There are 2 protein chains.
Amino acid sequence: MVTKTAAKPKPRPRDRAKTETAILDAVSRLILRDGLSGVGINALAREAGVDKVLIYRYFGDLDGLYRAYAEHGDFWWTVEEMLAATEGATDAADALKRGLRHHTAAMRQRPVTLAVIAAEPANRTPLVVALEEVREKRSIELMKQEALRHGGWGDVDIVAVTALLAAAIDYLAARALKIRVYGGVEIKTDKNWERVLAAVDAMIDGLFAATSPAKRKGTS
Amino acid sequence: MVTKTAAKPKPRPRDRAKTETAILDAVSRLILRDGLSGVGINALAREAGVDKVLIYRYFGDLDGLYRAYAEHGDFWWTVEEMLAATEGATDAADALKRGLRHHTAAMRQRPVTLAVIAAEPANRTPLVVALEEVREKRSIELMKQEALRHGGWGDVDIVAVTALLAAAIDYLAARALKIRVYGGVEIKTDKNWERVLAAVDAMIDGLFAATSPAKRKGTS
DNA sequence: GGTTTTTGTCACCATACGGTGACATATAGG
DNA sequence: CCTATATGTCACCGTATGGTGACAAAAACC
């Protein structure tokens, strides 16, 4: 009979680059399948088909692996991309609406990012922290650029409003990964996302209509 | 010298009721300290000062313990409480504003609920599911009651709007447990919560001002 | 060809987990 | 008083975890 060890060891080809990308790819797969907390050394080595000692050798420890993963991936929209998406906007309200729609699409396209966001409040790994830093930096930079474009935001507390709406979108999108319902709204279909985004649009329109015109050309 | 085992065993008094509440109390403490995923059999037994076998005896298994915990606690506002909070509202917009403010206060008063919400998308334990059911039921019931009070919501898609705003509030409050910043908004202080709530108010006002009047007495 | 370094494999460690069986003793029932 | 049951304690199981040291062999270097 054929014993397990004698069957066909088929040793891994000696190629560090390939091994490293195999590991990093396995991280994505594991995050998607089991969430951030599912990315442990043993599960990861198993998933990547790699001995775990190689992970230690190439990335130091789990945190090093997270950091490397955070640097290698595309987890967030870029400021340029976002500015392009809001380019033709007629006014600040329009820019905000377009921006949030682009944000929504960008998030829904990145399930790994959503999974990280979902785990964010609970598991605070270096990957989470790294992603957070990127987000903060780009959001702030984008705010600055958009403000220049439209000459400020009138009376609207743009930081609070975007924080609120972006938080809502992130949370709903993250929930939609594994759960379907929130407050009676099905959040997995495009149709219902459109419903949510329509509500966002309406709120932004109302907000700018109600508060801005009074001082539209007033004291900045 | 005094050995550990011979020192003073001080056996636990034989009182099932006390043991059970000790266990349930330890669940709250553990959730607050380590999050939902920190509530394991061993850690729990340690925290409660109880042998883990008693947990199995009294609650079956971990899921049974979660279920018992879900039934025993006060995790969410009640419909009556919420209706009282919005009692003097002048119109639908005002009711919604008051409701969301009460919701915010209620959430911030219940750190355990926030911790569960934080873990919700990731760890899907029976406790999370039970809490979710309560929320869904009460939200829907509340919507119904409020609609009766104010004769509908005009053109506002109230379900989408409240889902969106409640999601934002829940997420920000849950994040605030362990993180401080989101999109440039410090979310731990009362002052900045007021800022966020002011933005919510402004959006609601704008929303109702912009969309409702057109058909205020129109086709339902 | 011989040596050194790199890459990969394997066996092992201490620890923690969820879960169970056997035992001791306090309390309640007869 | 004797017995049965309820409560609590202890030792243990199998499995998984994060992490490390020893070894084999391919590659690179001289």
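So that the names make sense, note that chain A is the first sequence line, chain B the second, and so on, each numbered from 1. If you're wondering where the values come from, they're calculated on a predicted model, not measured in any experiment.
Under the 30°/60° scheme for interplanar angles, the aromatic rings of Y171(B) and Y171(A) are found to lie parallel.
Rounded to a whole Å, the NZ atom of K52(A) is 15 Å from the C1' atom of dG8(C). Distance, D51(B) CG to dG21(C) P: 15 Å, rounded to whole Å. Look at CZ on R57(A): it is 16 Å from P on dG19(D), rounded to the nearest Å. Computed from coordinates, the Y56(A) OH to dC10(C) C1' distance equals 16 Å when rounded to whole Å. Rounded to an integer number of Å, the gap from CG of D61(A) to P of dT17(D) is 17 Å. Taking atom NZ of residue K18(B) and atom C1' of nucleotide dA6(D), one finds them 17 Å apart after rounding to whole Å. The separation between D15(B) atom CG and dA6(D) atom P is 15 Å, rounded to whole Å. Atom CZ in R12(A) sits about 19 Å away from atom P in dT6(C), given to the nearest Å.
Nearest approach of Q145(A) to L83(A), heavy atoms of both residues: CB-CD2, 3.8 Å.
Y69(B) pairs with exactly one of T125(B), V112(B), V39(B) by the side-chain contact (heavy atoms from CB on, under 4.5 Å) rule, that one being V112(B).
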* **E141(B) vs K144(B), salt bridge (Lys or Arg N to Asp or Glu O under 4.0 Å): CA-CA, chis, key distance, verdict** => CA-CA 5 Å; E141(B) 176 64 20; K144(B) 217 164 61 181; 3.7 Å; yes

* To do: With salt bridge (Lys or Arg N to Asp or Glu O under 4.0 Å) as the test, would you mind laying out the steps for R138(A) and E81(A) before giving the verdict?
  => CA-CA 11 Å; R138(A) 297 204 183 156; E81(A) 173 191 338; over 6 Å; no

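Residue K137(B) places its NZ atom among 12 or fewer non-hydrogen atoms of other residues, nucleotides or ligands, all under 6.0 Å distant.
In this structure, the separation between OG1 on T19(A) and CG on L24(A) is 11.0 Å, given to the nearest 0.5 Å.
Across all strands, V53(B) comes closer than 4.0 Å to base atoms (heavy-atom distances).
At dG8(D), one or more side-chain N or O atoms of Y58(B) fall inside 4.0 Å of OP1 or OP2 (strictly under the cut-off). For T19(A) and dG8(C), the shortest distance from a side-chain N or O to OP1 or OP2 is below 4.0 Å.
Here the side chain of D61(B) pairs a donor or acceptor atom with the backbone of G64(B) at under 3.5 angstrom.
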Can you give me the N/O atom pairs linking the protein to nucleotides 26-30 of chain C at distances under 3.5 Å, or say none if there are none?
none

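The pair D190(B)-R108(B) meets the salt-bridge criterion, with a side-chain N (NZ, NE, NH1 or NH2) lying under 4.0 Å from an Asp/Glu carboxylate O.
Within residues 33-47 of chain A, the residues that have a heavy atom under 4.0 Å from DNA chain D are, in order of number, G40(A), I41(A), N42(A), R46(A).
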